[in-house]
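What follows is a short report on a single structure.
Just so we're on the same page: letters track the sequence lines, and every chain starts at 1.
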Amino acid sequence: MPELPEVETVRRGLAEHVVGRRIADVEIRGARVARRHLPGPDDLVARTRHTSVVDARRRGKYLWLVVADDADQRQALLLHLGMSGQLLVQPPDAPDERHLHARWRFADDGPELRFVDQRTFGGMALADLDDAGIPESIRHIAPDPFEGAYDQAAVVRRLKRRASGIKRGLLDQTVVSGIGNIYADEALWRAGIHAERRSDLLTKPALDRLLTHAREVMTDALGQGGTSFDALYVNVNGASGYFDRSLAAYGQSGMPCRRCGTPIRREHFMNRSSYSCPRCQPAPRGR
DNA sequence: CTTTTCTCCTGTATGC
DNA sequence: TGCATACAGGAGAAAA
């Protein structure tokens, strides 16, 4: 479940291993992985081969390679890992992965880049960059808490106007991006707020503290290389992150709360699981 | 307009 | 043992 810390870990790997290299060839297998590139996979291949990778950037859970052609016309190769996507830097002679969907070979004949995705919720598309350097197709995605463009007071004002559960707001990528189910639960646990508390009934200071916890828990996770529960999330070298050992709420049902010892509970919410401490995060009345 | 629900996918775990 | 079902959930389309 790659969220901001996991995607940032991957972005750093791309910055180290791919930026500065010239793409010699691109191979896309099947129609699904490039389904959001409306002109089709052949168009994507034709427009990215023989370009140079000049940057690797990220907003929320989206990341993109900035590629430049010989006239220095720049475009974004926009990538999303979805649930199970991996970007792997592999020796050209490494055997194909079971769910290999795309491969980039480079003019230097060095390691190649591969997009592997078991569930294919992830994918790629080409996009134009706007004046701020953001791909046009993700203009609806709000800045994430690590960006200069992030305005926490503005996010607080938006959450203060929403008449729905606070966790929905945390997960809404048009409000604040990068937070998924894991870090939403961790931020809510740190803040002592139940997922279904109404966003507009929380105080602005409480919303501000919650967002600060969200940024801090993602900073902590980034320091551990992200969270891995299984082999589905790995960095570009195939290595797992270690933040799963530090999770206080997510996936911890039955384990004692690290603050008060009460067993962590699991509830169903928005067609997924929510984990919280019954004592530190009391459910709102009238539910 | 805002908010909610549905759908895409496949490997793993669990139940009968 | 074998088959059916639940579950993991990001994001966008569709519905309310």
Side-chain angles (χ1 to χ4, degrees), chain A residues 1-11 29-38 58-64 78-87 97-102 115-125 127 134-142 144 155 157-188 195-201 214 218 221 226-234 240-241 244 247 249-254 265-275 287:
Chain A
M1 302 118 242
E3 303 177 28
L4 189 153
E6 293 76 35
V7 179
E8 173 62 14
T9 300
V10 171
R11 187 202 67 77
R29 295 187 180 178
R32 183 165 167 81
V33 74
R35 64 195 179 281
R36 305 229 177 266
H37 186 72
L38 299 182
R58 183 189 56 74
R59 164 167 282 185
K61 303 170 200 170
Y62 279 96
L63 64 91
W64 61 94
L78 188 62
L79 298 151
H80 198 291
L81 302 177
M83 283 289 299
S84 53
Q86 304 174 340
L87 285 164
E97 290 77 6
R98 169 113 183 245
H99 298 288
L100 175 66
H101 295 286
F115 187 87
V116 176
D117 191 350
Q118 176 192 102
R119 280 167 245 183
T120 330
F121 280 22
M124 68 181 84
I134 302 294
E136 302 276 9
S137 49
I138 60 161
R139 295 261 48 198
H140 61 294
I141 301 295
D144 67 58
V155 177
R157 287 195 295 274
R158 260 192 88 179
L159 290 173
K160 191 70 187 144
R161 282 189 263 115
R162 288 173 65 105
S164 67
I166 179 60
K167 187 172 173 182
R168 297 185 126 89
L170 288 179
L171 295 175
D172 186 336
Q173 306 296 301
T174 69
V175 174
V176 52
S177 68
I179 303 170
N181 205 38
I182 296 171
Y183 299 111
D185 277 2
E186 292 302 304
L188 288 164
E196 295 194 55
R197 292 273 297 278
R198 268 181 53 175
S199 188
D200 56 352
L201 300 182
M218 291 195 292
T227 303
S228 306
F229 295 104
D230 48 38
L232 284 186
Y233 162 70
V234 292
S240 295
D244 58 317
L247 294 173
Y250 184 86
Q252 306 302 305
S253 51
R265 75 185 149 200
R266 173 184 167 193
E267 296 171 293
H268 289 283
F269 178 69
M270 287 176 74
N271 281 328
R272 61 203 66 194
S273 293
S274 276
Y275 300 88
R287 212 159 43 101

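- Across residues 171-181 of chain A, A:Gln173, A:Gly180, A:Asn181 each have a non-hydrogen atom less than 4.0 Å from an atom of DNA chain C (numbered order).
- The ring of A:Phe121 lies on top of the base of C:dG10, close enough and flat enough: under 5.5 Å between centres, under 30° between planes.
- Across the protein-nucleic acid pair, A:Arg36 atom CZ and C:dA13 atom C1' stand 9 Å apart, rounded to whole Å.
- Of the listed nucleotides (B:dG11, C:dA11, C:dA8), C:dA8 has the atom at the smallest distance from the side chain of A:Arg266.
- For the OP1/OP2 pair of B:dT10 and a distance below 4.0 Å, the side-chain nitrogens and oxygens of A:Arg32 include no atom meeting the criterion.
- As judged by a 4.0 angstrom heavy-atom cut-off over every strand, A:Tyr62 is placed among residues touching the sugar-phosphate backbone only.
- Closest-nucleotide positions on DNA chain B for A:Arg98 and A:Arg162 were compared, and the one nearer the 5' end corresponds to A:Arg162.
- For the atom pair A:Met218 CE and A:Glu8 CD, the distance stands at 11.0 Å (nearest 0.5 Å).
- Among the heavy atoms of the strands lying under 4.0 Å from A:Ser164 are primed sugar atoms or P, OP1, OP2 only; no base atom is included.
- Judged as a salt bridge (charged side-chain N to carboxylate O under 4.0 Å, His left out), and not counting sequence neighbours, the contacts of A:Glu97 are A:Arg114.
- A sub-4.0 Å separation between OP1 or OP2 of C:dG10 and a side-chain N or O of A:His80 is absent.
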Contacts under 3.5 Å, N or O only, protein and nucleotides 14-16 of chain C:
none

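- With C:dG12, B:dT4, B:dG11 as the candidates, the nucleotide lying closest to the side chain of A:Gln118 is B:dG11.
- Residue A:Arg158 has no polar side-chain atom (N or O) positioned under 4.0 Å from OP1 or OP2 of B:dT2.
- For A:Ser273 and C:dA8, the shortest distance from a side-chain N or O to OP1 or OP2 is below 4.0 Å.
- Here A:His99 reaches the OP1 or OP2 of B:dG11: one of its side-chain N or O atoms lies under 4.0 Å away.
- Residue A:Asn181 is tested with A:Lys167, A:Glu3, A:Arg272 for a side-chain hydrogen bond (donor to acceptor under 3.5 Å, both in side chains); the sole match is A:Lys167.
- Residue-to-nucleotide contacts include a donor-acceptor pair under 3.5 Å from the side chain of A:Arg119 to the base of C:dA8.
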